[in-house]
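Values reported hereafter were calculated over all heavy atoms of this structure, with side chains retained and with hydrogens, waters and symmetry mates removed.
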Amino acid sequence: MARTQSFEREAVVRAAREVFWDLGFEGASVPALEDATGLRRSSIYNTFGSKRGLFDEAVQSYLDEVIRPRLAPLRAPEVAPGAVLDYLDSLREALAREGSRPARSGCLLINAAGAPIGHDAAVAATVAAYRAELREAIGRGIRARGGAEDGAAARDRLADAVTGLVVAAFALVRIAPEEASRALVTARELILAAAPLTPGRPGAQPAAVPR
């Protein structure tokens with residue numbers, strides 16, 4: 001019989017995810033990963049093939065456990081009219097919360113895009129797919145707010161702009177948190193100005209964002 005692994009793979013990946021999120025792929029040394037996961041170098045390489053293999057699983061864990069739960073209301077079969085504003089508000093709160101992982105480290109994938117690992121074709125494709133997933137979710141949230149059918153092109157432009165502001169907020173939060181917050185406030189104001197709620201649906205009077 002094959003020897004049973006003496007560790008839980010998901011827990012190891014989560015621990016490594018925190019190291020990569022804090023330090024980036026290049027900054028995450030194997031000794032730091034050993035300390036975080038409790039595994040020796042040989043076990044890391046036997047299980048994941050390489051540091052890169054562990055990073056790839058950490059990225060997937062980040063998408064599944066951090067990104068997609070926050071986007072879930074925007075990816076649901078029926079999207080509430082206020083869901084896109086709720087997303088922006090909750091993200092702004094997370095980025096502003098002192099000591100929180102998002103405030104301290106931003107977005108693992110946006111960070112990777114600006115680092116040397118971002119030049120790797122597979123990583124670049126993962127980042128592009130993540131941005132497309134974010135854009136689609138935000139677009140669904142904007143469409144749920146209603147508006148004339150002939151406004152589809154305008155809604156698409158709005159979704160592009162809001163997505164760009166969300167990505168900018170992730171990129172800025174570690175060095176300019178107030179600018180990151182302003183980017184999300186601007187995204188919210190663009191939506192309120194350009195995409196009215198469907199009359200008669202819940203959430204017609206969204207709460208104002210505190211300044």
Side-chain angles (χ1 to χ4, degrees), residues 21 24-25 59 62-64 66-76 79-97 100-148 150-197 206-211:
W21 199 351
F25 177 78
V59 165
Y62 178 75
L63 286 167
D64 290 342
V66 178
I67 294 297
R68 289 176 180 140
R70 190 179 291 278
L71 291 178
L74 295 171
R75 303 173 76 223
V79 180
V84 68
L85 298 181
D86 291 343
Y87 166 75
L88 293 172
D89 292 347
S90 67
L91 180 59
R92 181 169 176 260
E93 191 276 332
L95 295 183
R97 193 186 314 127
S100 73
R101 175 68 68 185
R104 188 169 72 248
S105 305
C107 171
L108 190 158
L109 280 166
I110 298 303
N111 296 346
I117 190 69
H119 296 292
D120 179 273
V123 172
T126 298
V127 173
Y130 159 61
R131 191 186 185 285
E133 187 172 337
L134 177 63
R135 163 62 177 79
E136 172 60 20
I138 288 171
R140 295 185 84 238
I142 289 170
R143 289 194 298 274
R145 292 179 60 79
D150 59 2
R155 289 196 296 274
D156 284 344
R157 289 192 296 271
L158 177 60
D160 288 340
V162 170
T163 302
L165 288 164
V166 169
V167 170
F170 280 133
L172 287 168
V173 67
R174 292 182 298 169
I175 57 171
E178 291 184 0
E179 290 186 30
S181 180
R182 281 198 295 272
L184 296 175
V185 170
T186 298
R188 194 183 205 282
E189 290 174 344
L190 287 174
I191 292 170
L192 288 172
L197 285 165
V209 175
R211 297 288 178 164

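Nearest heavy atom pair, residue D160 against residue R135, reads OD1-NE, 2.6 Å. Residues P69 and L63 share a closest heavy-atom pair of CD-O, 4.3 Å. Here the closest non-hydrogen pair linking A76 and R140 is O-NH1, 2.8 Å. Nearest heavy atoms, L74 versus A137: CB-O, 3.5 Å. Smallest separation of non-hydrogen atoms from I191 and V84: CD1-CG2, 3.9 Å. Residues L190 and A161 come closest through the heavy atom pair CD1-CB, 4.4 Å.
Looking at V59 and Y130, their side chains never come closer than 4.5 Å, going by heavy atoms from C-beta outward. L184 places none of its side-chain heavy atoms less than 4.5 Å from the side chain of E93. Within the 4.5 Å cutoff, no side-chain heavy atoms of R143 are placed close to those of V79. Annotation: side chain of R155 is not in contact with side chain of R145 (no heavy-atom distance under 4.5 Å). A 4.5 Å side-chain heavy-atom check between F25 and P116 finds every atom pair outside the cut-off. Proximity of I67 to L134: side-chain heavy atoms (C-beta onward) are nowhere separated by under 4.5 Å.
Side-chain contact annotation: R131 with T163, donor-acceptor N/O pair under 3.5 Å absent.
Using a distance-only test at 3.5 Å, with no hydrogens or angles considered, no donor-acceptor pair links the side chain of N111 to the main chain of G106. Panel note: side chain S90, backbone Y87; a donor-acceptor pair is recorded below 3.5 Å.
Summarising the geometry, atom CZ belonging to R188 is positioned 12.0 Å from atom OG1 belonging to T186; distances are rounded to the nearest 0.5 Å.
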For F170 and L109: C-alpha separation, side-chain torsions, deciding distance, then whether side chain to side chain contact (heavy atoms under 4.5 Å, CB included) applies. CA-CA 10 Å; F170 280 133; L109 280 166; over 6 Å; no
Check against side chain to side chain contact (heavy atoms under 4.5 Å, CB included), I138 and L158: CA-CA 9 Å; I138 288 171; L158 177 60; over 6 Å; no
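A salt bridge does not link E189 to R182: none of the charged side-chain nitrogens sits closer than 4.0 Å to a carboxylate oxygen.
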